Protein chains: 2
Amino acid sequence: MLPISIIRRTSLLEIYTSMIKRPKLQDIAKQVGVTKMTVSRFFNDPNSVALKTRERISEVIEEMGFIPNRVPAIMSKSSSKCIGLVIPSFSNLVFAEVIDGVEETAVKYGYSVLLMHSGYDVHQEEQKIAELISYQVDGLILSEPEHTPLTMKRLLKAGIPIAEIMSLPKVPLGIACGIEHQQVATETTLALIESGRRHIAYFGARMDKRTYERQEGYLNAVKQAGLQSLVYDEIGRSNFTTGHLLLKRAMQHTPPDAIICTNDDVAMGVLMGCQELKLKVPDDLSIIGYNGLNVCEASTPKLCSIATPRRMMGQLAMEKIIAQLEAGMLQHDLTYLSVTLRAGGTATAAEQQKIKEHLDKLNLVMQQNLSEARLGVA
Amino acid sequence: MLPISIIRRTSLLEIYTSMIKRPKLQDIAKQVGVTKMTVSRFFNDPNSVALKTRERISEVIEEMGFIPNRVPAIMSKSSSKCIGLVIPSFSNLVFAEVIDGVEETAVKYGYSVLLMHSGYDVHQEEQKIAELISYQVDGLILSEPEHTPLTMKRLLKAGIPIAEIMSLPKVPLGIACGIEHQQVATETTLALIESGRRHIAYFGARMDKRTYERQEGYLNAVKQAGLQSLVYDEIGRSNFTTGHLLLKRAMQHTPPDAIICTNDDVAMGVLMGCQELKLKVPDDLSIIGYNGLNVCEASTPKLCSIATPRRMMGQLAMEKIIAQLEAGMLQHDLTYLSVTLRAGGTATAAEQQKIKEHLDKLNLVMQQNLSEARLGVA
DNA sequence: TATAATTATGTTACCGATATCAATTATCCG
DNA sequence: CGGATAATTGATATCGGTAACATAATTATA
């Protein structure tokens, strides 16, 4: 069906004739009867302008709806006060909170965020990073663990703080704030095994690289316990439909008694599928999600999920970037963030307890690593 | 639980000592043995540079991981080739496709997109729009129908094409590509009434302004039919949980036999709630979503929803902005986009048919308006 | 009231690209 | 081979702000 278009002239038309040249400080200055320097001061250091002048400038600005041009300022100050953020996708709600955390912190310190998405593709990422650097961002936050060789070279030569979030990259570029997805998956799987589950499946999706880290962790655990590995995945995005589909496929093959899902969407799809297939959750089958999105609250029973500190990751990455900017010094800085259990009835109470214990143990081990690392550096 | 931090020095450390001054065209030029003008040409009009020179420049750029600074270019060319896009929220998947449509079209014509979010708040929107204008965007796409008076003034004085999408604003700033949400809701409601439903409820959310447009349309229809209006809403975002909650509330009050939801998330929440409350869908209760997101596929039965052409809205807004930029002429331009029915078993086959008919009728009426408007202008 | 101290404003150079025009070099053809 | 033409490169001004210093206006103080 084609869009239906009505071109209609309205009362505002007289304003809309041809493109107007945007006013500049000079224009305001002339109107007020000062030089552009005074108007510049009005914006950057109002107290250095006489009250009377300030009022007159204010009036003219108000009247003209004037907004100063930040472009020459970026050149002059050789700092844009902008931080670039590249996420893989806007259709993945995981990143919504990351964005909020990043932006919240940026604003707190007087920075802005330029946001781009890479579509889970390293070449698109290359493009977007180049674009952000070409706008002279003062720092970069990246959320995918892999980059093209050219991107790596550019990033190392960029001379600005760079933070990688979500996962911990093997060769960090500078700052890294992430989760040990693999270890988390191992511990979760072990907890389910200890709780008596013997047919634990992993539902993934081939789009996201972090999925594979978790899958690796899952495989380690089942191998360690001498159990059969049951991995199911699907090309493309991981969503409700994927979960639904993978459940059906799994049931035809070897019916699992527990499913660890790569994320909450897949897990919700599984849960919905269970209602259709009349599977009792968590008795017949326990379902564990990943991320702890709000969607977990929606179902009955609520989805049990591994909650990731997404907002905090954004905040922390930003804090660290700004710290390095203010110090004028680039430094390597790795931060491992711990995950928590988002309680929900898709796992038994005993299982939830076991998972909690395992995650706590993992956190403890990491803290020990921390101490050792400190000694190593000292 | 606090994040666990490990600061570790790695093999890349030697590169990371202090902030490096970013290289400029001049630096490349010196290395190659030409003037910066030649390097500038290398990027903007490669064919005007001798093959041999081109190769040498290429090598140096490759080696230095050089990315040209676009900031002075924006000043010099007095065009940024950037279009600003402001959406209310990244946690609303409705906008993911809009973004894709906008960006896809932008890239096609050599433009970039600067993306910001306003958190459904006109004052935040004011900030973000000002920021985008301060970066000298060549055009703006806004997705909320209301703006502060200051924003209105600034937009009218900005001298760049501005497109408003999603809804059709009462006083359009320039370009508008939107949906007649109110009329669509009226027609949907009427279709359900004609199908025999007598207790039709509307589930909204108080965050989103478009919700109210739809609510208005719903109210018109029930009033027209002499039925009781059953509006339920909740402060805050509209999501699964909201739908769940509103269903319970509605059932305690006057159990509805049909629910029109402000969006698909609320509708999914309702559907999940039905499974808990043992309500038969669509026999006891039919559920209509809004937007036609992919989430509609996830449930059993699939969610019946009014699909909005989100990607097309983005594409169209961008096309029209670029057209005006190339023409160097600002013009009012309103486009009404039609909606379609996304089939799903949460409404009976007969109901789905009726809704389709009503929507088709609406599209016809709009086409007539189009003809009249053309005559009016001619 | 004169002079110093302070406040307010102005002047000039510069940030790093590109537009424009000028100069140089290479190529062609009779 | 010489001059014309085309291809390539260079020189200079400019975009619109801000930094840094200079000057003018005001106030404080002796």
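No experiment lies behind these values; they were computed from the predicted model shown. Chain A is the first sequence line, chain B the second, and so forth, proteins listed ahead of strands; every chain is numbered from 1.
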Counting side-chain heavy atoms from CB outward, which of [options] is closest to [X]?
X: B:Met75; options: D:dA19, C:dA17, C:dG16; value: C:dG16
X: A:Lys24; options: D:dG16, D:dT8, C:dA17; value: D:dG16
X: A:Pro72; options: D:dT8, D:dG16, C:dA8; value: D:dG16
X: A:Thr38; options: C:dT9, D:dG17, D:dT9; value: C:dT9
X: B:Thr35; options: D:dT18, C:dA19, D:dA11; value: D:dA11
X: B:Ala50; options: C:dA17, D:dA19, D:dT9; value: D:dT9
X: A:Met37; options: C:dA17, C:dA19, C:dT11; value: C:dT11

Separation of atom [atom1] in [X] from atom [atom2] in [N], rounded to whole Å:
X: B:Asn69; N: D:dC15; atom1: CG; atom2: P; answer: 19 Å
X: A:Arg70; N: D:dC15; atom1: CZ; atom2: C1'; answer: 18 Å
X: A:Ile74; N: D:dC15; atom1: CD1; atom2: C1'; answer: 14 Å
X: B:Gln26; N: D:dG10; atom1: CD; atom2: C1'; answer: 12 Å

### Query
Are A:Leu140 and A:Ile133 side-chain neighbours, meaning at least one heavy-atom pair lies under 4.5 Å?
yes
Any donor-acceptor pair, under 3.5 Å, between the side chain of [X] and the base of [N], if you only look at N and O atoms?
X: B:Lys77; N: C:dA17; result: no
X: B:Arg41; N: D:dG10; result: yes
X: A:Lys36; N: D:dG17; result: yes

### Message
Check the orientation of A:Phe90 and B:Phe90. Use parallel for under 30°, tilted for 30 to 60°, and perpendicular for over 60°.
### Response
parallel
### Query
If every non-hydrogen atom of A:Gln31 is compared with every non-hydrogen atom of A:Val60, which pair is closest and at what distance?
CG-CG1, 3.6 Å
### Task
Check A:Glu144 against A:Glu125 and note the closest heavy-atom contact, atom names and distance.
CB-OE2, 3.9 Å
### Message
Does A:Asn47 reach a base, just sugar-phosphate, or nothing at all? Heavy atoms under 4.0 Å.
### Response
sugar-phosphate
### Message
Between A:Glu103 and B:Lys128, does any NZ, NE, NH1 or NH2 come within less than 4.0 Å of an OD or OE carboxylate oxygen?
### Response
yes
